Amino acid sequence: MDLPISRRNWLRTGALLTAGLTLNRSSFALNPVAVNALHEQTLFNEFAQLGREMPKLKARIAFNENPHGISKKAKEALIQAAEVSNRYAMFEGQELKQLIAAKEGVKPENVMLSAGSSELLTAMAVYYTGSAAKSSGGTILTSQFTYDDFLGCAKKFGAKIEAVPLTKEYRYDLAAMKAKVTADTRLVYICNPNNPTGTVVPVADLVAFCKEVSPKVPVFIDEAYIDFLKPEERPALPKLVAEGYNLFLTRTFSKIHGFAGLRLGYAIAPEKFLPELQNYSRGEWNPSVTTLKAGIASYQDEEWQNFCRTENDKARELLYKGLKEKGYEYVPSYANFVLFPIRMKTKQFEKEMFGNGILTSTREYNAQPYCRVSVGTVDEMGMFMDVFKKIA
Ligand SMILES: Cc1ncc(COP(=O)(O)O)c(C=O)c1O
């Protein structure tokens with residue numbers, strides 16, 4: 001079975017195929033919403049096929065999900081919340097926003113919730129490059145080899161993407177990016193830690209970049225994997241939002257909290273901007289009452305977050321050890337996935353891993369194929385290495 005494994009690569013492949021078809025067939029090729037609907041359908045069909053194969057899998061380590069599930073406290077909250085699941089979530093969002101604001105040193109008005117952070121990424125793309133923008137298009141400045149969800153959506157709305165090469169350490173090259181800011185730059189997008197490289201930019205460099213660039217051009221930092229850094233290692237960007245810098249941060253409960261299926265995310269941004277963005281998303285009203293109640297419990301459960309972070313570190317070390325033993329290099333990661341160059345074509349690698357019960361993901365950068373494997377449990381990493389040693 002030929003598997004296009006990455007969730008986002010799937011989206012991209014589907015988008016290209018679908019766009020090609022519609023271009024040949026009808027005028028609605030220019031309508032990004034119509035294209036989107038069609039490629040989503042392709043994606044769902046492909047996932048339905050994968051779903052039928054899934055039970056045969058030994059390890060699902062392709063989507064950077066939390067292999068430990070959700071915290072016990074979140075589970076209890078979810079069960080209790082079943083009692084009120086006939087009600088709209090009128091108050092729970094406020095409660096969670098207050099908790100987030102207190103922890104991050106911002107006001108609740110600086111926080112916007114959403115059903116997963118993808119929704120915020122889409123809303124940002126629509127706001128900055130679609131009909132909401134004063135003029136459509138413009139340039140989004142970013143790095144090569146980064147998360148393509150927001151960028152893909154912005155492109156559909158007519159944005160040009162200026163993607164600067166990574167440094168040789170696979171990091172965003174902030175100095176090179178700064179030099180590329182022009183009057184046409186509509187927004188800067190930075191993913192930190194970066195997906196798929198797992199690298200981070202030095203905290204002081206990022207803070208200096210935000211302070212210098214954001215008064216000219218808004219800076220969007222996707223912090224989906226920030227919780228895998230210890231609290232003291234995280235850049236204090238919410239503080240800059242509180243100080244009035246034009247920064248937009250997104251976070252998700254999908255990773256360390258294990259809420260990928262429950263869907264919960266949030267943004268931290270200037271107070272004046274969020275009501276405008278709310279016009280392009282159901283935002284606050286999208287997370288269900290059950291998810292919010294579980295989110296409130298999980299957000300306060302630091303023991304669970306520490307446990308997941310420690311387990312992730314342990315399993316990641318095991319993976320590094322196995323790769324080293326096999327003579328493979330890898331990109332040291334600050335997240336729950338690891339990127340490493342492979343010596344096989346991407347599709348063949350995916351197929352062979354999948355044939356042996358391992359669902360993982362691949363990418364190409366500068367004509368070099370890479371595997372991006374999610375960090376699963378210690379046992380799953382052992383299974384991955386057993387198969388990898390056999391096929392590589
Ligand atoms: C960098 C990055 N941002 C955002 C997301 C979106 O996650 P979610 O919509 O589950 O919050 C992901 C998901 O994998 C991601 O890798």
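What you are looking at is a predicted structure, and each value in this text was computed from that prediction instead of being measured. Sequential numbering from 1 along the given sequence is applied to the chain's residues. In listed order, ligands and their atoms are each counted from 1.
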Taking 4.0 angstrom as the limit and counting only heavy atoms of [X], give me the atoms of ligand 1 inside it, by number and element.
X	answer
R263	8 (P), 9 (O), 10 (O)
C191	1 (C)
K255	13 (C), 14 (O)
S254	8 (P), 10 (O), 11 (O)

Is G265 near ligand 1, meaning one of its heavy atoms is under 4.0 Å from it?
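No, that is not the case, since the closest heavy atom of the residue is not under 4.0 Å from the ligand.
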Ion pair K321/E325, N-O distance below 4.0 Å:
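Here K321 pairs with E325 in a salt bridge, since their nearest N and O are under 4.0 Å apart.
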Sidechain N-carboxylate O distance under 4.0 Å for K73, E303:
no
Do K255 and N64 come close enough that some side-chain heavy atom pair is under 4.5 Å?
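SC-SC contact between K255 and N64 confirmed.
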Would you say that N66 contacts N336 through its side chain, given a criterion of any heavy-atom pair below 4.5 Å between the two side chains?
no
Of the side chain and backbone of A224, name the one, both, or neither that has a heavy atom under 4.0 Å from an atom of ligand 1.
side chain
Which is it for Y225 and ligand 1 at heavy atoms under 4.0 Å: side chain, backbone, both or neither?
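It is the side chain that gets close, since no backbone atom is under 4.0 Å.
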Return the option from [options] holding the heavy atom at the smallest distance from [atom].
atom	options	value
atom 11 (O) of ligand 1	N336, T252, L121	T252
atom 9 (O) of ligand 1	S118, G116, S114	S118
atom 5 (C) of ligand 1	F337, F259, F253, Y147	Y147

Tell me whether the count of non-hydrogen atoms from other residues, nucleotides or ligands lying under 6.0 Å of CD in E169 goes above 12.
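Yes - once you tally the heavy atoms of other residues, nucleotides and ligands closer than 6.0 Å, there are more than 12.
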By ring pair (Phe, Tyr, Trp, His ring centres under 6.0 Å) - contacts of Y330 (at least two apart):
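Y330: ring pair (Phe, Tyr, Trp, His ring centres under 6.0 Å) contacts with Y320.
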Who passes ring pair (Phe, Tyr, Trp, His ring centres under 6.0 Å) against F337, sequence neighbours left out?
Y225
Report yes if N195 has an N/O atom closer than 3.5 Å to an N/O atom of ligand 1; otherwise report no.
yes
Pick out which of E352, K345, E350 makes a side-chain hydrogen bond (donor to acceptor under 3.5 Å, both in side chains) with Q348.
E352
